[in-house]
Structures are given as structure tokens and as C-alpha cells.
Amino acid sequence: MHERLLPASPNWYCSRSSDTNSNGIFGFGARNTVYLINITASSPVVVGELNGHKERVSGFAFCHHPSQDNLCASTSDDGTVKIWDINEKVTLKEHKSHQGTITALHWSPVEKDLVVSGDEKGIVACYWHNRDDTQTFFPEPRNIFCLSCSPHNGNYIAVGYKDGMIIVIDISKKNEVIHRLRGHDDEIHALSWCPRSKEEALFCRAEENPEVNNGVTEGQDKGCYLASGSKDQTVRIWSTARGKAVMTLKLPFLKRRGMGVDPTIKERLWLTVHWPKGWPSHVVSSCFGGELILWDLTKTGKQKWSLLGSSSDGQNHSRIVFNMSSVCLGENREVLVSTSMDREIKCWDLSSLECCWTLPTLGGFVYNLSFSPVGTGCLALGVGDSMIRVWSTLSIQNQYETRTFWQGIKSKVTALCWHPTKEGSLAFGTDDGKVGIYEAYSNKPPQISSTYHRKTVYTLAWGPPVPPMSFGGGGDKPSFSLYSCAGEGVIFQHDPWKLAGEATDIDKVIRDTNNIKHKLSPHTDLCWKPDGKVLAIGNEDGSIEVYQAPNLKLLCTIQQHHKIINVLRWHHEHGSQPGLCHLLASGSSNAVVYVHDLKSAIESPSENAVLITEAFRGLAGHTAKITNLAWSPHHDGRLVTVCYDGTAQVWDILKDEALCNYRGHKGRLLCVQWSPVDPDVVWTGGDDFTVQEWSVSKQEHTKPPRGKKGLDLDKKRSLQQKANAKKKKKAAAKGGVKAGESKSLNGEEGREGSHSQPGEGVSDNEEEEERETGSTPPPTAWSKETSRPVDRPLAEKVPIEGKPFGNEGKKETKEEKRREKSEVPGKKRKARSILPLSTSMDHRSKEDLQQDCVTLAGVRYSEGPSPCIPGIGEHIQLGLFTDRESLYRMFQEEGQSHMDGGHYDTAVYLLLWKGDITGALQIATEKGELTDHLVSIAPMAGYSVWLKTVEAFVKQLCFQEQFLKATSYLLSVHKVYEAVELLKSQQLYREAIALAKARLQPEDPVLKDLYTTWAAVLEKDGHYSTAAKCHLAVDSAFDAAKVIAKKGDVMSLKTAAKLAGIAGENDLSHSLSLRCAKELMAAEDWLGAQEALRTQESLLGHRVMLCTNELLFMWLLETNVTKRSCFSSHSWSEPRGESFLSTVKNVWQSETGVSADDLDRVRSIRQQLKAIDAPATAPNVPINQLLYHVSLDITMGLLSGLLGEWGVGLEELLGGVARCSGTGHFSLLSETCRLLFPEGADSIAQYKEKLEPLNEKGLAAAQSLEAFVSYARLYELWWSGCCGGVRVERSDALQSAGVTMAEDASAGCGPGLQKGAETLVIGGFCRALLSEPHASLQATQRAVAEIQQQLTGLVHQHRLTQTTASPGDGQTDMDSTTDPGAAVPEHGDGNNSLPSLIALVSEHHKELTEIPEHIKKYPFPDVIECCLIFLHMDRDSTSVGGLLERADKLLARGGKAPVVMVYVGANNMGKGRFEVLQDKLVELADRIRSRTSTVVFGILPVPRASREV
């Protein structure tokens, strides 16, 4: 029926509300309708709609089976799932299995009749529409956000939840969850399966997937990749074969040209993903600001993603994208269709990544259409989504070429008008009363008039100026004024060149010119005659006034309509008949269009205004209010009108006949325009959110429908007439209506309110529609005045982004009904009497009432005493008619009755009326019924009474937990301290401090106590920042800094250090800065650590040590001793050509200025570093902590070297090397020796030359360093392959070295060394390692340790004996004691007595005293361990200079039981392999047993790097 159509905007915040089938039909949900668009690579065409849902469409999906391309499914907030045939546009099947709001939908790509849906309660419903069968699943009690059926397995469904969980379920096994995919931590917005069934290799960084080898995932025989998009700003690729994520894609931040970054853009992110069918290695996702990104899953770095539409500006969406779908058009050309919050549908070519076309959509009622009189074919649209669209309808390349304007509007655009001569100048009016002018061909913001209307602007018109403006036709001033008419009934004249100036009300000119004294009727519309000489104004009372410009003299008044005038239009000036230009068409709310011929009134005006009551034509046929009309610029007397009946009618005025009727809209029409270039084309817009172009000649209907709409309207009119008649009858009978009549009237009114307007619609994602009830609808944003009852029944409302609109509409409807129900007039409930006893006496019998009169007369007129006492007992009612004393008695009786009934407030009122304020206050105090009113009148009884009343009221308020109010009353009696204490006792510290600061002296100790107490509470609750502020308020900066630092994170430590520095707490600032630097160093953030220390000059030594630590870490990185993680480092930390120690000295000088030129500074730094506590390291100490202490030792050694104290320097370096050895970290020991002494023993010899000959300590330290260097080299030779397959090592070294040593060994030197070179190298090690003094020292220390172990066993045995002794006879129960031998190690000599052990200890201590101090002071490698290695290497080596004899000698002295640990070749050793190993051990034992008394063997597993035995 239509030629072109701008559809309603796709619904927002839906996981899948659009889809495309293989025939190129794109469907999407907009409000409660599904629109169908035929897409091509060049342009879209709207081909139909699917209507049937009552509320918002929340999901839409096509069936993708070749034989069923015409089927689709949709879900709605009305709880239904519908199956559609798009060819017939009818519903085939539907079900209502969901109880909650449906949030997800998908048609299974494998099962052709399976439709799957999910709701916010976690229910997954599977619907087989062919057999009309439904099954529901409840896998997780979570809010479902999206779901997707597997394209390869018909039973697998992936479900995404609001909390970030993704599950894969098998519907063939009810409630069985195949995988739970955890990784996202926020809403899952979209899921998409890979179109390829197998999991091919994808690129993946090692840190993203620790189980991936070499950055490439291994191929899988089963499973399929699944892509997910989440609000946490990541896209994840999941392997359903392994149930794990294999790739994480983080959205890049794309800053557009000339635009800033919106800080709230992350909060409203919607991240949708789509896996195109023909692109198995590419995924398309949305980004922060509406950009679309194509991810190449086989690449990395910046090549990993490409931006769609990056070739030119304006191709991308400007706001977030909600849905995407793709289809293949032609041969190998796949296009992608996307919907966005910017209300545009875009089509993309995935090959070129360029935008093919853009289809604008509308997010609100179309209030106004206006063709530019200068720019041919340029159509402006005023829409309720707070935007103006300018559509170039004659564009050849793009049939939907539009520009959107939104700046400065911020409300519904209800009126538009182009300037008659200035190109691109467009005036607009809004729902909030704003009037402005846009320059459509510039990027400038609009000019806004400083004069605002109080209500909605309905009409704008350009016309000649009227007084008091005096523009003139020439010069630098325009010849047109801008006129605006709004809902309050006022017409303003605006100066378009001075919009900042005040606009004028033309009513003043009308009154002055026509000498009008009475109040003018509110104006509702205006229209200037095209020649600018006559102005027509429509009024609220249905009258039309025609004025002559420029003084606005009234020419005539038309009294034809009886309801509000909605629209006025003059016939164009270029008709073939000269008299047609005087035709004025008008439409109102009475459904009839009138055309008046005003030729005589205009061409021959009389002195007095003419009253016109007869129309030239009366066009009847519409069934509801007329909203707009337009004359055809191509015909004589041809008019098109639009109406609330949802149709547009074309009339031939001259022939007085209806030509055609257009019924393409699904809602009420609000505006119409005739095409300025095509005589057969008309444009209409309505509340169905569409603009439609249609041809007059192609319409099959000639008149508006008279079906159900017309019948409903007639019925409604009859009801309105009855209601009006009843209202008039009620008004006439007001004051004398019988009870029965009143009840009847109320009942009719209640029934009347149940009727509603026809055409009630549903709301969409942007604008909320409110249902009308009653015969007279409430005024809305579209009604021009409160008296325009049916101007616009459906008001629009813009909800908060992201929230569904339907619930709000329901709530408002319920609220309106409840309000209307409460406003139904009825019998008011009578208030409870304050004198119920006396009132009840008036309801007795007639005789009793008459007897009261006789009794009262006797009381008043008898001279003697009366037996009746008025005011009490049976005569209580008479107290009102006698003296005051009787009245008081009546009050006493009534008050006691109220007290007994619990109505204490009424009893108090009686005492107040009596004047007994003290008594009233006393009762209220006792009963806890004091009120503000009673306290306010308490001063009338005196100060003491008022004070007591206030104190009592404070207690009452505290009991009622109204502490703030109680505080205010304490202040009213000047009890400030009590008020502060009250707030403090209720832990209202903030309020207590505010009150104390406002009312007490600054030095008052109460204030300090408040701050201190609150700080303690805040600190306990973890609110450290506010606690610190409290400490600062009492000038306790030290405590403030300590509190902030309690959290321990880097930011808190930085803040605390800065705060302490500002406050002058230098020591604290230094310690906090150092803590901060250590935290950063632990996180390997070297730049941040240096920055933290740079602020403190006194921490220069720590900066020097930090430089050493960073260099050591980075140099060890290449040897795999340290592992790389996310850290920031300096450029100078990378290894270069210099030696390590030279590099350290150079970095010190460049970064900190420390060098040998300033020895005083070096001494100061060394003294500062000496204060650092460096405890002995444990075997399991973390590598970073170990490197920290080693760096400290190296730094101290180099500083001593700079001072020339090389002996001390060598001691410090030895300490660092010994730390590595003490922890058993052999790789670190080896690499540290290599960095410190790159030439081995020769490097140490150079340092020895700098020592003085008598420096025993320095020489001893040098000897130990030579031993450690030789020790490391010895193991490297042993592991290099020259020693065969069996490897011997000390047990503690084995435990610490672990895999690292085995890997170093496997990466070593090939098959072996030549015998000559081996002999030479091992001979050099002999002198350094096989030291007799150190061997004696170590043997003695081991002997002492063994004896101490035996003593410990004896003590343990003695304690067990004491605890198990019998209390009766003192004998030991030998059966219950532990075997003593179990606690005491087995020894060779068997002498375990306490005296012999003490004697042995004394003997060994004497031996230790004979050993020189420098031997005992410095660490040395285990000599026995080295001897064993030499003996083992002897199998493939020749003896060198008595090497074996010397090793034998040292072993004989070295102790009784050297432990030999033997590696085996696999982690799991079988029985056969163990027997082979036993033979080897026996052979080795025979070789060693000749040199030592006892050998103890142990078997440990080793890495797979050494597999031979």
C-alpha cells in the first residue's frame, strides 16, 4: 500500500530481537510489531509487518532450514511465543509456558521445528511447533539474558545469565548441564556458535590460556567454539570440548575524531557478538560507542581486529549496538545487518568492511511533517524521541538519506516550519514550550528563544511582522517574524534575528486594534495566508477569527465548529480559478472538516467584523478528531485530511466528493504533507512511530471505514451524551437530591469511568503510552489546553535507558484507576464526635427527647433546688445547655469515657478547651501522647511546666527512635551537651559533630572526644579515609596517616606518606614511602617504586638498592631463574655489553648521582642500608624476597668497594652468594656467581690483589667465594654429560633445585668433555673445594648435631616414661610406652648414655675452639658432598694430582654416614626398573665403602629430562 516507509525503531536491550533469513528478509521487533525488510546490497524495502503481540516484542528469530524460510518466531512481554508465516503474515502457533518476562529466543539450526526461549526466572522452554509440544527446563536459578542453540548438535543449548555465568545444557537429558563456563563477571549479552563443527587451531597468548602450548590450541576431534560478549568489556572464545576459555578479547578504546570520551560509556555498554557463517575464523562484536569490530582469531596484536567503516567518518553507529545478523547475497558476498540505540539500521559488506546503506527509524510519535519551500524534496520530521530528521526524499543514490538533529532539543518535537525564503532555516517547537531555529546545512547548535511557552508548542508559522516590531522589508533586518502557538492559548511573535530578546504576545495588538475589552478565548492554531496579508486564528471554543495584517484588524469570525480547533490551512495561491485562494479549511475534534470561502470578507471588508455560520463545504466521513490536513499544490481544491481513526482521506472540494482513503497505518494519524513534486504522492505520520509515502491512485478505498471503529465511536458518543445529561441533572438538583437519587447518580458515574478511548496502544522502548479512562480524558502533552479533551489520548514518556517500559505503563494505569476510584463522589464518613456520650443521648426515643426539654426548663426556670444535676449521669447531655459548671461536669464525664476507651488525645482536647493546660500536659505525658502541638502551648502554663514537658517529650521521642527531633527539642531548652550526647549514644557521630561545631567553642574537649570516638568506630568498620579526616580535624596527622596506611595497598600508602610529609611527620612519611616502594617492587613495578622513593631524599640508599634489585631481576630473566609477569621497568635495566657490576655502578651514577667522587655520600648511604634488617632466609622463601636480600648484600659490597674497603665488600658479596646456597636455589647460586664473577676464580683473584696482606677476614671471604664459584662450576660439569646417567647430589640441594636444575642440566653441554680438558678443570677445583680445615669444621658440626638429636630423643623417651607410670606402685606400664628405640636414631657405637653424650659434646667443642675464627665465620660448600661427586666422576675420569686420595682422606675424617641421593630416570618407577637400579646401587656401594664406614642410600624421582639409568 505504501511506496516508502520509515519504520519504528528496533527495541533496545534485547539479546536477539532481529534476524535475517537466507532469502534476504530482515525482521526486527519494534514496540509490539515485527517489521519485515527485504535487504539488498544497495537499498532496503519494507515489505510487511507482523501484528498480534499486545506488548513489547522481546525476541525474534527466523527458521534457517531451506524448506521453512517463511517461518519465524517472536516473543513478547505479554508472555507469548508466536510462530509466524511471513508470506501470509499470520500466526500459526503460540504458547504461554513462561511465567516470567521472556528475555531470550532462538530457533534451532538443527531441529527445524524446535524453538527455544528463556525468561528472567531461569526457565528454558523448548517448543516443538509441529507437534505442539512444550518441555521446560530449570538448569540454574538465575536471570537468563541470552541463549543460542548449537548448529552442530540439536540437543545442545548455550545459556548466558545476568551474573556472567554461561552453561551448556543437553535437552535430551533433562536438567543435565554439560559445561559451566566461568570467566565473565557481568551480564552475558550475546552468544554465538562457530559455524565450523571442529575446533581448529586459533592464536592464543600464553597468559590467556596456561594450558596452550606455544600459543596455539591443539586441534580437537569433537566440540565447537562458542563466542560470548559480556558487559565486562570482553569477548571470550570457549572450547566446548574442554569446557574452558581459549581466548579473551578485550575491547579497544576508540576515541573518535573531534569527540571526547564519555565517562559513562562503560556503564551503558552492550556487547553483542556474531559469528558469520562464511567466516569461521572471524567474529564480529560491538564496541563502546557503536563501533563494530571484526576479530581475526588467527592473528595477534593490532592485526587482531579491524574496524568496520573506518574509511570515512559517519559510517559507524553513534551509540551502542544491540543486535547483528548476516546473510549471503549472491556469490560469496556476505552482508551484516546491525541495529543500534542511535535508531539506525545499517548494512555492512564484510569483504570491504564498508557500510552499504543506512535505514533511519523512529523512536516516537511523528508529530509534524514539513516540506521545505526552498530545498525541493527536503522533508523535516518532528518526532517524539527528541530528534529532528531531515530527509532528502529525492536522493537517487540513497532513498533514505537523512540528517539527524538533537542538540538543544531535549524534548518531543511537536512543531516544525521551514523559512519561506531562507534555505535550510528550520523553526521547531517542543513539548516543554521551547522555540528554536536550526540551520540545517551547518553544524552549529540551534538558536533558542529566550521566551518559553508554559505548555506544549503546537503550531509554528512564518509571517509578516505585526506591531510593536518594525522590521521593514529591506536593510539588515528580515521581513518575516516567527509565530508560535502553545497549549496555554497564547501566540508569541519572535524576532528570528534576536531570539535572545523577549517575544511579544499578539493579543495586545488584537485588543488595541479592535478595541476589545473582554478576555480573548485561548488560541489553539494559526495560519498565515500565503500572500501574508491575512491571518487565521483558531480558538479553544471552536471559533475561527480572521485578521488583516499588519494591525490585525478583525475581518470576520467563523462560528461553525463546536469543539477546539486543531488545524487551519489556506488554499495555495497558484490555482487555475482565482477565488480558490480564499478557501480556508479547518479541522476540530468533532470529526468534520469545514471549508469556508472568505473572498467577500477579505476583498470587501466592512467596518464591523462579519459573523459566518455557513460553510462552503462540510466534509463528513471521519469517525474521530481531525489532527491535520493539507492542500494539494498540484490540484485545484484537492484536500487530504488525517484523523484519529487511523486513516487519511483525500477530498475533491469542488465536486464535494471523497476520492480515496489510505489505511496503511496501525495507529492514529497526526500529520500529513502532499508531495511538492509528485501530484500522486502523499506523506503521513502517526503514533505508530512510522512515516509512510503512498500514492493516491493506488488506494482501493474511497471513504473512511465505518466498521468497528465507527460503531465504537457512535456508542461512545451516545454514552458521552447520557453522561452529560446526567451531570446537568445532578447539577440542577444539587442541594435537594434524595438519597436514592444520589446513589443512582454515583452508580452511573462509576460505570461511566469504565469506558475507554478506542485505539489504545502499547508502549515501546522509548515512549510510554497511558490508557485513558472515562468520557473526558485527562489532558496530556499533546492536548493544546486543558479543555481539549480528546486532542491526544496517548501521552508519551521517555523511560530510563535499559529498563523495560511495560511495567511502568501498567503501574501508571493502576494508579490512575485507583485515583479515579477514590475520586468517585460518595457519602463522606462522619468524623468521630468529641462528645460521644451527650451525642448518643440525642438518638433516644421521641418521648425521651421531649422529656429532656421539660427537665431543662425546670432547671433553668425553677427557683428552688432541682432534683436534676445537669452534666452527669442520665442528664449529661443537658450540661451543654446550662451554666459553665454543668459544662465542666459534662467534660469530666466525657473525658473519663475517652480515657477508658483509650482515646487520650480527645481527652486532652477537652482539658485544653476547659483551659486546664497543666492537666492536659500531665495526662499526655503519663500516656506518652505528647505532640508538637502540646509542647508548643506548654509555655502558656509557665517556664517550669514547659521545661518538664520538653524533657518528657524528648524521652518519648527517644522511645519512638526519633532522635534527631529529640535533639532539636533539647536545643530548644538550651541543653546542648545533652543533645550532643544523645546523638553520640545513638552513634550519629556526623550529626553530633555538626551540632557541636555549630554550638560549642572550638577548643571544647567534647568536640575532640567526638572526633576520636568516631574515628575509632570508622577504623573498626574499615572506613579508613573518613577516620583519617577525623584525626586531621583534631590535628592528629600522625594517626591520620597511620589509619590510611592500614589498608596496605599502594594507593593508600602513597596517600598516607604524602599526608605525613605535609604534616611534618618525616619519619612516618619515610617509612610509609618505603613500604609503598616495597609493595610496588613485589609487584615488579620498578618505575612506580622509584617514583615513590624519589619524593624522600633520606631514602636515597633504598633507591640505590632498588636499582640493583631491578638490574639483578632483569639480568636473571634471560636465564629463566625469574619469570616475567606484568611489570614496568626502566630502559637501562636491559642487559648490555658491560659486566653486571659495572652496569650497576653506572646506573647508580646516572639515576642517583652516587659515585666514588662523593665518598661522604657513599658512607651515608651505607650507614642507612646497614639499618635494614636482613634475617636468615628459609629454604622456601619466595624468589622476589630472596632477590631483595641478595640485592642488599651486593649493594653493600659495592658501596664498601667504592670506599676502598674491599675486605668488607667481599664479606658482603659472600653473604649474598651464601643466601642463594642456604636456600638450596642452585640455579640462582650459579647465575649470581656468573654475574658477580664472570671470569670465575680469576675475577676473585683481582679483588684479592686489592686486599692488604694481613687482612685475614678478607682473604677468608675470598677463599669462600672461590669455593662457591668452584662448587657451581663442579655441578655444571657433572650435569654436562661427562659423568653418565646416574647423578648424585645432597638431599637438601635436591629438594630446592627441583626441575630447574634438571632443565639446566638437559640444556647443557652435549655428550661430554674430553678427558684432558676434564682432568684440567677438575684439578683446578680441587684446591678450592677440598679444604681440610673446612672439612674438619663441618664434620664436627655434624657430629654435634647428631648428639643433640640423640639428647632430644632421650628427653622425649623420659617424658613418655613419666606420663605412663602407674599411680599405685610407681611401675612403668611397658606395654603402653613407646619403644625408646623409635625416638632415638641408630648409631654405630651403640653408646647412648647421657654421660657419654655429654662427654662427646665437650670433646667436639674443644675441637671447634681450635679451628680459626675466620674458618668458622664464613660459609663454605659441603666438602663431603664435593668428595662424593669427585668419587662418582672417577668412573669416567683419570686421577689428577692425588685427587682421589685426598677425597678418600677427607671422607675418612668427615663423619660416619654421608648420605648419597640417587636420581632415577622416571617419575613412576616400575618393579623391573627398580631391580636394575638395585644392581647399580650395589656396585656404587662397593666403590664407596672402601673409603668410608657407612653409606645410606635414598631413591628420589627426577624430571623427565634425564631418563637414562
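Keep in mind that what you see is a predicted model, and the values were worked out from it rather than measured.
- Under a 3.5 Å cut-off, the side chain of Ser1230 and the backbone N or O of Ser1227 do not form any donor-acceptor pair.
- With values rounded to the nearest 0.5 angstrom, Asp1049 atom CG is found 10.5 Å from Lys1054 atom NZ.
- Leu1202 CG to Leu1159 CG: the interatomic distance, rounded to the nearest 0.5 Å, is 8.0 Å.
- Taken to the nearest 0.5 Å, the CE atom of Met1051 stands 9.0 Å off from the SG atom of Cys1076.
- Arg1161 and Gly1153 make their closest contact through NH1-O, 3.3 Å (heavy atoms, listed as atom of the first residue, atom of the second, distance).
- The shortest distance between side-chain heavy atoms of Thr1143 and Trp1132 does not fall below 4.5 Å.
- Side-chain atoms of Trp1148 and Thr1108 include a donor-acceptor pair closer than 3.5 Å.
- Closest approach of Trp1206 to Leu1251, counting heavy atoms only: C-CD2, 3.6 Å.
- Interatomic distance, CG of Leu1213 versus CG of Leu1141, reported as 7.0 Å (0.5 Å rounding).
- The closest donor-acceptor contact from the side chain of Ser1052 to the backbone of Ala1045 lies at 3.5 Å or more, if one exists at all.
- Within the 4.5 Å cutoff, side-chain heavy atoms of Leu1072 are placed close to those of Arg1075.
- The distance from the NZ atom of Lys1058 to the OG atom of Ser1069 is 11.0 Å, given to the nearest 0.5 Å.
- Among all heavy-atom pairs drawn from Phe1420 and Gln1263, the shortest one is CE1-O, 4.2 Å.
- Nearest heavy-atom pair across Leu1192 and Met1105 is CA-CG, 3.9 Å.
- Arg1166 and Ser1200 make their closest contact through NH1-OG, 3.1 Å (heavy atoms, listed as atom of the first residue, atom of the second, distance).
- Residues Pro1419 and Ser1264 share a closest heavy-atom pair of O-OG, 3.0 Å.
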Check the pair Val1104, Leu1198 against side chain to side chain contact (heavy atoms under 4.5 Å, CB included), reporting the backbone distance first and the verdict last. CA-CA 11 Å; Val1104 170; Leu1198 288 182; over 6 Å; no

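- Within the 3.5 Å criterion, the main-chain N or O of Leu1187 finds a donor-acceptor partner in the side chain of Ser1191.
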Side chain to side chain contact (heavy atoms under 4.5 Å, CB included) for Leu1199 and Glu1212? Distances and angles first, verdict last. CA-CA 10 Å; Leu1199 290 173; Glu1212 299 289 351; over 6 Å; no

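- Note that CG of Leu1228 and SG of Cys1233 are 9.0 Å apart. Values are rounded to the nearest 0.5 Å.
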